[in-house]
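Read the structure below first, then the notes.
All residue numbers refer to positions in the sequence shown, counting from 1.
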Amino acid sequence: MMEIKSIAIELIVGYFALLILTKVLGKTQITQISAFDFISALILGELVGNSLYDGKTTVFQILAAISIWGSLIFITEYFTQKSRRFRHMLEGTPSLIINKGQINYDELKKNHLDLNQLQHLLRAKDVFSIRECEYALLESDGTLSVIRKPLYDMVQRQDLQLPIKAATLPLAFIVDGEIVYDNLTLAGQEDTWLLSEIKKQGFHSSKDVLYAEWEDGKTLLVQGY
């Protein structure tokens, strides 16, 4: 029983310690993850995971290990922001995989990328043929940035001389039957107006609505369960 209690305490402490650490390190750990960030995140998880089954490891030792490793990551992130040379050393630099429509084989080999993987990355960008691509950059996080050839490029409104419309941000007003009041405030609307609008579409309350989306200049999109 004591062993279960000890594991539970270590789990709770490790959970909150990791939660605080991820908040301190910021969103780049997920959204702009590099190979170094990925490895550091794995080790951070291992520090907590391994300590749970080590009876000699105390809660304070877990916190110390997380704090030291978290501090090293934080210091590394600080220097990568301040020093361009240090940033390039740890995070790498983009590689020009396709240059003026030609595949750069040397860069493919350097980044351990084969043609099938390149085709997969291009398809993820809606480019299904090499002939459509003028430039392709392999980013340090493994994603591909593509510039199409002018012949295959997307048509813009200005190309067709169509009137320019202001950009609008769609906002979810109801999600799983719950009103998202922050989005209502952002749109300058009130819940009384929202309830009135969903009633026009046959719904008695927000609890009956699975999803409702608002966009300026358009009718309210409402879907029930």
Side-chain angles (χ1 to χ4, degrees), residues 18-19 21-50 65-170 172 215:
L18 289 175
L19 184 63
L21 186 60
T22 52
K23 292 292 183 183
V24 171
L25 294 177
K27 296 180 180 178
T28 54
Q29 285 292 102
I30 302 298
T31 57
Q32 299 171 350
I33 192 167
S34 63
F36 176 80
D37 293 329
F38 178 70
I39 294 169
S40 66
L42 285 179
I43 293 175
L44 196 57
E46 284 293 313
L47 288 175
V48 177
N50 291 336
I66 293 174
S67 300
I68 293 169
W69 188 254
S71 298
L72 289 172
I73 298 173
F74 183 82
I75 292 169
T76 302
E77 292 291 338
Y78 175 81
F79 280 108
T80 54
Q81 291 173 5
K82 296 294 182 181
S83 171
R84 186 179 177 186
R85 181 178 298 179
F86 195 71
R87 186 189 313 148
H88 287 175
M89 182 178 68
L90 280 180
E91 297 182 356
T93 55
S95 300
L96 191 60
I97 301 297
I98 297 178
N99 185 16
K100 295 181 180 179
Q102 298 295 315
I103 298 172
N104 191 333
Y105 184 66
D106 291 336
E107 287 296 326
L108 277 180
K109 289 174 60 180
K110 180 181 175 182
N111 290 278
H112 307 288
L113 196 69
D114 60 45
L115 288 173
N116 289 336
Q117 290 172 322
L118 176 60
Q119 287 177 313
H120 169 75
L121 291 171
L122 286 171
R123 286 194 295 270
K125 295 293 182 179
D126 294 326
V127 177
F128 287 84
S129 173
I130 299 292
R131 75 183 71 204
E132 299 177 16
C133 184
E134 185 73 6
Y135 296 100
L137 280 165
L138 184 66
E139 305 292 352
S140 56
D141 61 355
T143 59
L144 199 68
S145 299
V146 174
I147 297 178
R148 297 169 183 260
K149 290 181 179 179
L151 181 63
Y152 301 99
D153 201 5
M154 297 290 186
V155 177
Q156 305 293 326
R157 296 184 68 90
Q158 60 185 6
D159 298 330
L160 302 176
Q161 297 183 346
L162 295 174
I164 305 299
K165 294 183 179 180
T168 58
L169 176 66
E215 189 172 353

Side chain to side chain contact (heavy atoms under 4.5 Å, CB included), that's the test. Do Arg148 and Glu134 meet it? Break it down for me. CA-CA 5 Å; Arg148 297 169 183 260; Glu134 185 73 6; over 6 Å; no

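- Considering Ile147, Leu122, Leu144 in turn, Leu122 is the only one that fulfils the side chain to side chain contact (heavy atoms under 4.5 Å, CB included) rule with Cys133.
- The distance from the CG atom of Leu151 to the CD atom of Glu132 is 9.0 Å, given to the nearest 0.5 Å.
- For the atom pair CG of Asp114 and NE2 of His120, the computed distance is 11.0 Å after rounding to the nearest 0.5 Å.
- In the displayed structure, Tyr105 atom OH is contacted under 6.0 Å by at most 12 heavy atoms of other residues, nucleotides or ligands.
- Between His112 and Gln117 the shortest heavy-atom distance is O-OE1, 3.7 Å.
- With a 6.0 Å radius and a threshold of 12 heavy atoms from other residues, nucleotides or ligands, Lys149 has its NZ atom above the threshold.
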Leu118 vs Leu138, side chain to side chain contact (heavy atoms under 4.5 Å, CB included): CA-CA, chis, key distance, verdict: CA-CA 9 Å; Leu118 176 60; Leu138 184 66; over 6 Å; no

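- The two residues Glu107 and Leu96 have their closest heavy-atom pair at CG-O, 3.5 Å.
- Smallest separation of non-hydrogen atoms from Ser95 and Asn111: OG-ND2, 3.2 Å.
- Minimum heavy-atom separation, Tyr135 to Lys100: OH-CG, 3.4 Å.
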From CA spacing to verdict: side chain to side chain contact (heavy atoms under 4.5 Å, CB included), Leu113, Leu121: CA-CA 10 Å; Leu113 196 69; Leu121 291 171; 4.2 Å; yes

